[in-house]
Amino acid sequence: MGDKFTGAAGPVFVFLAVVLLTLGALCFFVVVQPTLAWPWLSTPVCVLLAVNTFTHYYYVCTIPPGFVNDSPHPPRSGLLWAKKREPSRRAGVRWTETTITKASVTRCGRCGEMRPERSHHCRICNRCVLKYDHHCPCTTTDTVYMVIASFCLAALGWRHVLSALGWYDEYWPYLIPPTIFLLLYILATVMCFAVCIMAAWHIWSISCGETSVESQDHEQYRKMARGRGEAFVNSYDLGRRKNLELFFNVGQDGYPLYTLILPLRVEPYTDGYSWARKAGYERHRGIRQGEELTDEDDDED
């Protein structure tokens with residue numbers, strides 16, 4: 001019942017998010033931005049931040065998450081796609097200095113699809129998703145830009161809050177009513193802290209080479225390994241920096257670093273059927289064949 005409600009309420013949440021983002025941007029550009037110093041520098045930066053926030057949220061709402069058994073797509077190109085470097089392709093992946101292994105395949109106990117490792121069944125989409133993390137109307141990149149945008153409004157708009165409260169006993173000259181500005185300022189401040197925690201958690205998980213689902217599974221694996229006097233080793237963990245490079249697909253054989261600050265689309269480093277692993281590893285250490293947790297095991301927890 002909860003999954004059906006979440007799926008049905010999704011479009012409503014997305015609509016409210018778009019409305020709030022739009023009102024927040026209007027408040028910033030109508031009230032705060034005209035008073036910033038060095039407008040020749042601050043205006044382009046603010047516009048780039050706003051474009052990134054809206055564009056990445058548009059990507060979140062319109063790009064499929066990557067369902068198992070989706071038809072493979074050819075390399076993309078166009079105005080919104082970042083220009084690729086000259087990679088060497090191997091087994092559907094684009095990375096040369098990292099060990100790439102084909103993912104093992106199992107059958108989903110819910111939908112019956114054959115799926116590679118790191119895939120999980122989304123109960124809201126009712127389909128298996130490649131490298132499933134959780135069903136959410138945001139991504140890591142989008143939350144990072146939301147944090148920066150809300151922080152800018154909160155940090156740069158406090159003087160206007162005092163003016164809206166009548167502290168300076170001055171006339172409010174802006175088209176945005178002071179009450180609306182105050183409400184959105186409070187919302188931006190709260191959202192800055194809340195989304196910052198969420199974004200920090202996701203970046204930490206990425207740097208550890210695991211998704212939210214895998215983070216929970218790995219805790220169970222560590223307990224099982226300790227019970228046998230062994231140590232669990234995550235074979236996907238290539239080190240903090242390398243994990244981040246692989247996730248954002250930047251670096252020597254990925255995309256240029258400017259793709260982190262420009263609202264351009266990039267392809268993932270893998271097709272979801274092959275994964276980068278520690279050299280010499282074909283599976284996690286400390287876990288034996290058949291001990292891997294399934295979606296059904298997660299439900300029981």
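Heavy-atom basis, side chains included; hydrogens, waters and symmetry copies ignored. Quick note: residue numbers are just sequence positions, from 1.
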Hydrophobic cluster partners of Phe54 (side-chain heavy atoms under 4.5 Å): Val14, Val18, Leu21, Tyr57, Met146, Val147, Met191, Val195, Met198
What's in the same ILVMFWY side-chain cluster as Tyr281, cut-off under 4.5 Å, chained through other members? Val233
In the hydrophobic clustering that connects Ile, Leu, Val, Met, Phe, Trp and Tyr at side-chain heavy-atom distances below 4.5 Å, which members other than Leu80 occupy its cluster, ordered by chain and number? Tyr58, Tyr59, Ile63
Restricting to salt bridge (charged side-chain N to carboxylate O under 4.0 Å, His left out), what partner residues turn up for Glu210, sequence neighbours left out? none
Do the two ring centres, one from His160 and one from Tyr185, sit under 6.0 Å apart? no
List in chain and number order the residues that pass side chain to side chain contact (heavy atoms under 4.5 Å, CB included) with Ile287, two or more places apart in sequence or in another chain; answer none if no residue qualifies. Tyr221, Met224, Phe232, Arg283, Glu291
Parallel, tilted or perpendicular: which one describes the rings of Phe181 and Trp172, with boundaries at 30° and 60°? tilted
Pi-cation contact, Trp167 with Arg159 (under 6.0 Å, within 45°): no
Under 6.0 Å from the six-membered ring centre of Tyr273 and within 45° of its axis: does the NZ or CZ of Arg115 meet both? no
The test is side-chain contact (heavy atoms from CB on, under 4.5 Å); show your working for Leu36 and Cys46 and say whether it passes. CA-CA 10 Å; Leu36 297 180; Cys46 293; 4.0 Å; yes
Candidate pair Glu214 and Tyr132, rule side-chain hydrogen bond (donor to acceptor under 3.5 Å, both in side chains), full reasoning: CA-CA 9 Å; Glu214 292 169 346; Tyr132 177 80; over 6 Å; no
Distance (rounded to the nearest 0.5 Å) between Asn243 CG and Phe248 CZ: 11.5 Å
For the atom pair NE2 (His202) and CH2 (Trp204), what is the distance rounded to the nearest 0.5 Å? 15.0 Å
Same cluster or not: are Trp38 and Leu156 linked, directly or through other Ile, Leu, Val, Met, Phe, Trp or Tyr residues, by side-chain heavy atoms under 4.5 angstrom apart? no
Restricting to ring pair (Phe, Tyr, Trp, His ring centres under 6.0 Å), what partner residues turn up for Trp158, sequence neighbours left out? none
